[in-house]
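Naming: A, B, ... by sequence-line order, numbering from 1 per chain. As a basis for the values below, the full set of heavy atoms in this structure was taken, side chains included, without hydrogen atoms, waters or symmetry mates. None of these values were measured; they are calculated from a predicted model.
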Amino acid sequence: MKYLRLKKQADFQRLFQKGKRASSATVTVLYNKSQNTTMGISIGKKHGKSVQRNRIKRLLREAFRAAQKDMQGAYSIVLVPKVREEYSVKAFERDLRCIIKKEKL
RNA sequence: UGAGUUUGUUAUACGGUCGCGGGGUCGAGAGACCAUGAGGAAAGUCCGAGCAGCAUAGGACAGGGUGCCUGAUAACGUCAGGCGAGGGUGACCUUAGGGAAAGUGCAACAGAAAUAAACCGCCGUAAGAGGCUUGGCGUUCGCCUUGAUUGCCCGUUUGGGUAGCCCGCUUACGGUAAGGAUGGAAAGGCGAGGUAAGAGCUCACCGAUAUCUUGGCAACAAGAUAUGCCAUGUAAACCCCACUCGCUGCAAGAUUGGGUAUCCGUCAAUAGGGCUGUCCGUCCGACGGAAUACCGUGAAUAUCGCUUGAGCUUGUCGGCGACGGCAAGCCUAGAUAAAUGACCGUACACGACAGAACUCGGCUUACAGACAAACUCAAAUC
RNA sequence: UGGGGUGUCGCCAAGUGGUUAAGGCACCGGAUUUUGAUUCCGGCAUUCGUAGGUUCAAAUCCUGCCACCCCAG
């Protein structure tokens, strides 16, 4: 099961305005039902300089790739990481799996 | 061995599994396979250029920038070599370094005075007021005391006149720039002569300026001669001089921007009427419309610009060098919520600063370390 | 990505190159009061974001950095 990248600005706007929210210690998830599974990451300047931001995105993407296997339906999703001291794939993956289970995606 | 100076290189490496960006091949498609994929600063956005749009005959004014010389370059505020100045024992380092005699402004406080010879002072001349007392020692001379303690004449109790004297005092005129607590700066410095007192007034040395000669493309340097020396600082104050500059930026700019029906406009054709020209009405066809309705939908979008370029590597030649010429070879990210990661193993020095966004040339700033070369100083030994 | 602006005491801020860098609020100490508030008096910037330079002298002029803010489809 592959996921597509969420690229359009309008899609992001729609999710931020109308999407359902679920959050954990490390990450907030916005989602909506759709035809294919699409995923985007929203990350701002508060997370650090560009190297730091790229690092977070890579880790989140890797965690989502692993956690996606638990999902049943197809959704468009935006992941918003929270500002922390340290980031790790394991923490992201655990929280994502937890949210998927709880929201029954 | 220790302390340093300058320049350059490098920026974890290798293997396995899963995954990402755009590209190629195969495939109807799902997908499979192949090679490839961040930096020395990609950063800051401080300069310069290409490229694009707009403006523009040419010139002048205004405004901005640069500012020792010569060269390099597409260009630069960059770089190279040199000159001057400053710093360091030295290797070496730093340097916005044109013009103050075109003009204007500013220079607090302090100081006699701040760009200008006024004041104090010093010296000379003239005038004026005043003082030279009481005295002591002593041999008449003389000595002490005083800023100066005298002589002659008249008178003789006090005194008056005249001359002299006071490193004295006051005023006026003149000479002077040695001295005057300051200050960043006081009309070259220092010494000697000289003078009424002084003064480059004169002289030696140092400094400055001008001219000449020699060397150098030049900035400039060296030497000689002359001038007693026209005169503070500030132009990163206005300004003057020389050179130079259109404005805006890839969010530039270019292309595309659906379908059906209706309506409107234009063109051509046909038929009819108003006799020509031409005008009016009807039907069909083509083109156009940022007009309306419905469907569709992404328009802050899609495609191009977008990576072959003042390109990179190697060799060779020219040049002190920046750099340039020639030859051969190479193609090396192109995304757009934006691609390099995760896990495992091995090695060690245990991995810094940090992520392309139109492209180049510089500058500046950040950076764990590791390595190489040249050179300097100090100490010791031979 | 491009363009523009601001940094002065804890906060809001003034400041022609020249005195010890104005003020206001807050804070601290004292006076007044039985105690508070008010009022009065006094204190509070070893340096103007930072590093250099020009100048006799820099918060002010020049250059490089740092931080923050705003605007542009």
Taking only residues two or more places apart in sequence, or in another chain, which ones meet A:S24 in a side chain to side chain donor-acceptor pair (under 3.5 Å)?
->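 A:S24 satisfies side chain to side chain donor-acceptor pair (under 3.5 Å) with A:D95 once adjacent residues are dropped.
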Item to complete: Go through the structure and list residues passing side chain to side chain donor-acceptor pair (under 3.5 Å) with A:Y75, not counting sequence neighbours.
Response: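 In terms of side chain to side chain donor-acceptor pair (under 3.5 Å), with neighbours along the sequence ignored, A:Y75 is linked to no residue.
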Which base sits across from [N] as a Watson-Crick or G-U pair, both distances under 3.5 Å?
| N | value |
| --- | --- |
| B:U225 | B:A210 |
| B:A38 | none |
| B:A181 | none |
| B:C26 | B:G31 |
| B:C152 | B:G161 |
| B:A72 | B:U78 |
| B:U1 | B:A378 |
| B:G215 | B:C220 |

Value in whole Å for how far the [atom2] atom of [N] lies from [atom1] of [X]:
| X | N | atom1 | atom2 | result |
| --- | --- | --- | --- | --- |
| A:K57 | B:A338 | NZ | C1' | 6 Å |
| A:E62 | B:U17 | CD | C1' | 12 Å |
| A:Q52 | B:G341 | CD | P | 14 Å |
| A:I56 | B:A342 | CD1 | C1' | 16 Å |
| A:L59 | B:U340 | CG | C1' | 13 Å |
| A:I41 | B:G21 | CD1 | P | 13 Å |
| A:L60 | B:A339 | CG | P | 13 Å |
| A:R53 | B:G355 | CZ | P | 9 Å |

Rounding to an integer number of angstrom, what distance separates [N] and [M] when you compare their [atom1] atoms?
| N | M | atom1 | result |
| --- | --- | --- | --- |
| B:G321 | B:A72 | C1' | 10 Å |
| B:U125 | B:A197 | P | 12 Å |
| B:G44 | C:U63 | C1' | 15 Å |
| C:A57 | B:A108 | P | 15 Å |
| B:U162 | B:A129 | P | 12 Å |
| B:A357 | B:G4 | C1' | 45 Å |
| B:U182 | B:A196 | P | 35 Å |
| B:G183 | B:G111 | P | 9 Å |

Determine the contact category for A:S50: base if any of its heavy atoms lies under 4.0 Å from a base atom, sugar-phosphate if only primed atoms, P, OP1 or OP2 are that close, otherwise nothing.
->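 Sugar-phosphate, no base atom in range.
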Of the candidates B:A337, B:G341, B:G355, the side chain of A:S42 sits closest to B:A337
Nearest of B:G19, B:A339, B:A342 to any side-chain atom of A:N54?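 Per side-chain heavy atoms of A:N54, the pick is B:A339.
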Rounding to 0.5 Å, atoms CZ (A:R55) and OG (A:S50) come to a distance of 14.0 Å
Please walk me through it: do A:I99 and A:K102 pass side-chain contact (heavy atoms from CB on, under 4.5 Å)? CA-CA 5 Å; A:I99 288 169; A:K102 209 167 85 180; 5.7 Å; no
How far apart are the C-alpha atoms of A:L30 and A:K20, what are their side-chain angles, what is the distance that settles it, and do they pass the side-chain contact (heavy atoms from CB on, under 4.5 Å) test? CA-CA 5 Å; A:L30 303 162; A:K20 297 178 182 172; over 6 Å; no
Base of [N] relative to its sugar, syn (within 90° of 0) or anti?
| N | value |
| --- | --- |
| B:G40 | syn |
| B:U307 | syn |
| B:A38 | syn |
| B:U332 | syn |
| B:A43 | anti |

Between A:R21 and A:T28, the two heavy atoms sitting closest are NH1-CG2, 4.4 Å
Q | Residues, nucleotides or ligands: over 12 heavy atoms within 6.0 Å of A:K82 NZ | A | yes
Residues A:E93 and A:K90 bridged, charged N to O under 4.0 Å: no
*Any N or O donor-acceptor pair linking the side chain of A:R58 to the base of B:G19 at under 3.5 Å?*
no
The residue, A:R61 or A:I43, whose nearest nucleotide of RNA chain B is more 5′ is A:I43
Taking for A:K49 and for A:M39 the nucleotide of RNA chain B with the nearest heavy atom, the one nearer the 5' end belongs to A:M39
